[in-house]
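Below is one structure; the comments refer to it alone.
Letters A, B, ... are given to chains in the order of the sequence lines, protein chains preceding strands, and every chain is numbered from 1. These values consider heavy atoms only, across backbone and side chains, with no hydrogens, waters or symmetry-generated copies.
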2 protein chains.
Amino acid sequence: MSNAREQILQTTCALLEKQGYHGTGLNEIIKESGSPKGSLYYYFPEGKEQITAEAVLQSGGQTAERIRQGLTESSNAAKAVSDFILNIAEHVERSGFAAGSPLTAVAMETATTSTRINAACHEAYQMLKSAFHDKLIECGYSKTKADELATFIVSAIEGGIILSRTSHTADPLRLVAKQLKVLLAS
Amino acid sequence: MSNAREQILQTTCALLEKQGYHGTGLNEIIKESGSPKGSLYYYFPEGKEQITAEAVLQSGGQTAERIRQGLTESSNAAKAVSDFILNIAEHVERSGFAAGSPLTAVAMETATTSTRINAACHEAYQMLKSAFHDKLIECGYSKTKADELATFIVSAIEGGIILSRTSHTADPLRLVAKQLKVLLAS
DNA sequence: GACTTTATATAGACCAGTCGTTATAATAAT
DNA sequence: ATTATTATAACGACTGGTCTATATAAAGTC
């Protein structure tokens, strides 16, 4: 409904992605989103924690959706997962290594310092896991096997994003794509 | 030689691990390390960036050393890597999920906002990769294969740490250990 | 050996600026 | 007229960084 609210969340997402929770200031959010401070506290009366938690959850939902869509395009799980990761690799590259998972930094910064944000990150990761999990089930994997693989896939992707952004090359992500493809094909 | 300098770096490491770069303040570092601000700027005249870069590099060197030591205890690469990861899992668990890789958060926060810290993170990750790489070479892998596997191993571990800290269970890390063991055994 | 000079290191007050947050006033929409 | 939203100003707390004062120790000079 409200444009300003959505704009704030979207801007927050981008900033969290680039510089994490503590590195992102409310002043920066309002400047970049164009919304004034009054509006920010009108829509998010509980302040920074609330904005962050909602941004994280929204981003998790959107990413999970993208995973599901990408996976429907191919009936082959190995190729589907690999393609999805190659997509991320391009995205990270195109952003000049400023983007790639708004969750990672936030999750690490707040794992033991904000129960609310931690819960949001946990739920967001569960959404990603579920998206992969469901596709694997669909491809005939057992429930426990699908669960294990989904966690492993998310782990490898997260790590790949970190290494890619740090090294300023998408190669680590592409390598993760390749390795997971082999693993899932076997 | 100097005790205070070392103490500052060690404290910084622990705080970076727990709450990242922007979440860690100089006042917190001096309070926790016992050194006054005068000493901090005496040993690190270039301020927070310098302290962080040095802490990251030191931590990378120490972790790489631990990897090499752990790997010499077993001639079997698969078991050696798995055991190392299980060690991390215990460490993360014991810390109440506050510890586990001082690099991750810092690397993501500063990938495009501080060339100095980014360079330090990059070098630290290279050290970890090299440690695994050398062991894989020793076990008969080809140079390119060893390089690919080393990157993949580091990726999976980093991701496992994130998921473990976020979910407050060491299970993801243990799962990563198991999967990599299978992968390396084949 | 006594005395001065130079480095090493500790200690903390202080600065301008920013943080997240609150309060209040003005405006727009219904 | 009532509510929804925007617009600022101000708050106290804290930020990274600078500055000066002091203590300790090493080295140089006679």
Side-chain angles (χ1 to χ4, degrees), chain A residues 1-56 102 105-106 109-110 112-118 120-121, chain B residues 1-56 102 105-106 109-110 112-118 120-121:
Chain A
M1 222 48 35
S2 164
N3 204 342
R5 193 180 205 281
E6 200 50 42
Q7 190 63 39
I8 289 172
L9 280 181
Q10 214 170 304
T11 306
T12 303
C13 243
L15 291 173
L16 290 178
E17 206 162 348
K18 188 179 158 208
Q19 54 205 13
Y21 177 64
H22 290 108
T24 300
L26 295 187
N27 293 326
E28 205 177 354
I29 294 175
I30 64 171
K31 197 171 73 181
E32 202 121 329
S33 72
S35 305
K37 207 170 249 193
S39 303
L40 187 145
Y41 273 96
Y42 174 75
Y43 292 112
F44 306 93
E46 287 145 68
K48 195 182 182 184
E49 276 206 331
Q50 184 188 1
I51 300 178
T52 306
E54 289 199 28
V56 160
V106 177
E109 286 175 274
T110 63
T112 58
T113 55
S114 162
T115 58
R116 178 172 191 173
I117 300 178
N118 174 56
C121 290
Chain B
M1 221 42 40
S2 165
N3 204 341
R5 193 179 205 280
E6 201 50 43
Q7 189 63 42
I8 288 172
L9 280 181
Q10 215 170 302
T11 306
T12 302
C13 241
L15 291 174
L16 290 177
E17 206 163 348
K18 188 181 158 207
Q19 53 204 14
Y21 176 64
H22 290 109
T24 300
L26 295 186
N27 292 325
E28 203 177 354
I29 294 175
I30 65 173
K31 197 171 73 180
E32 203 122 328
S33 71
S35 304
K37 205 169 250 189
S39 302
L40 187 146
Y41 273 95
Y42 174 74
Y43 292 112
F44 307 93
E46 287 146 68
K48 196 183 181 183
E49 277 206 332
Q50 185 188 1
I51 301 178
T52 306
E54 289 200 27
V56 159
V106 177
E109 286 175 274
T110 63
T112 58
T113 55
S114 163
T115 58
R116 178 172 192 175
I117 300 178
N118 173 55
C121 289

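If you measure from atom OH of B/Y42 to atom C1' of D/dG17, you get 19 Å, rounded to the nearest angstrom. Taking atom CD of residue A/E28 and atom C1' of nucleotide C/dG17, one finds them 15 Å apart after rounding to whole Å. The distance from atom NE2 of A/H22 to atom P of C/dG20 is 9 Å, rounded to the nearest whole Å. Between the P atom of D/dT8 and the NZ atom of A/K31 lies a distance of 16 Å, rounded to the nearest Å. Here D/dT6 presents its P atom at 12 Å from CD of A/Q7, a figure rounded to the nearest Å. Atoms CD1 (B/I29) and C1' (D/dG16) sit 11 Å apart, rounded to a whole Å. In this structure, B/N3 places its CG atom 17 Å from C1' of D/dA25, rounding to the nearest Å. Note: CD (B/Q19) to P (C/dC19) measures 18 Å, nearest angstrom.
Of the charged side-chain nitrogens involved, at least one lies within less than 4.0 Å of a carboxylate oxygen, so that A/E46 and A/R116 count as a salt-bridged pair. Under 4.0 Å is where a charged nitrogen must lie from a carboxylate oxygen, and between A/E28 and A/K18 no such pair does.
B/S35 and B/Q7 form no side-chain donor-acceptor contact under 3.5 Å, judged by distance and modelled atom types alone. For the residue pair B/E6/B/Q10, the side-chain donor-acceptor check at 3.5 Å is not satisfied.
Residue B/S39 has no polar side-chain atom (N or O) positioned under 4.0 Å from OP1 or OP2 of C/dA9.
Between the side chain of B/T110 and the backbone N or O of B/T113 there is no donor-acceptor pair closer than 3.5 Å. A/E109 places a side-chain N or O within 3.5 Å of a backbone atom of A/Y21 that can act as its donor or acceptor partner.
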Practice prompt. Would you mind building the protein contact string for nucleotides 21-30 of chain C? One character per nucleotide, 5' to 3', B for base within reach (heavy atoms under 4.0 Å), S for sugar-phosphate only, - for untouched.
Written response: BB--------

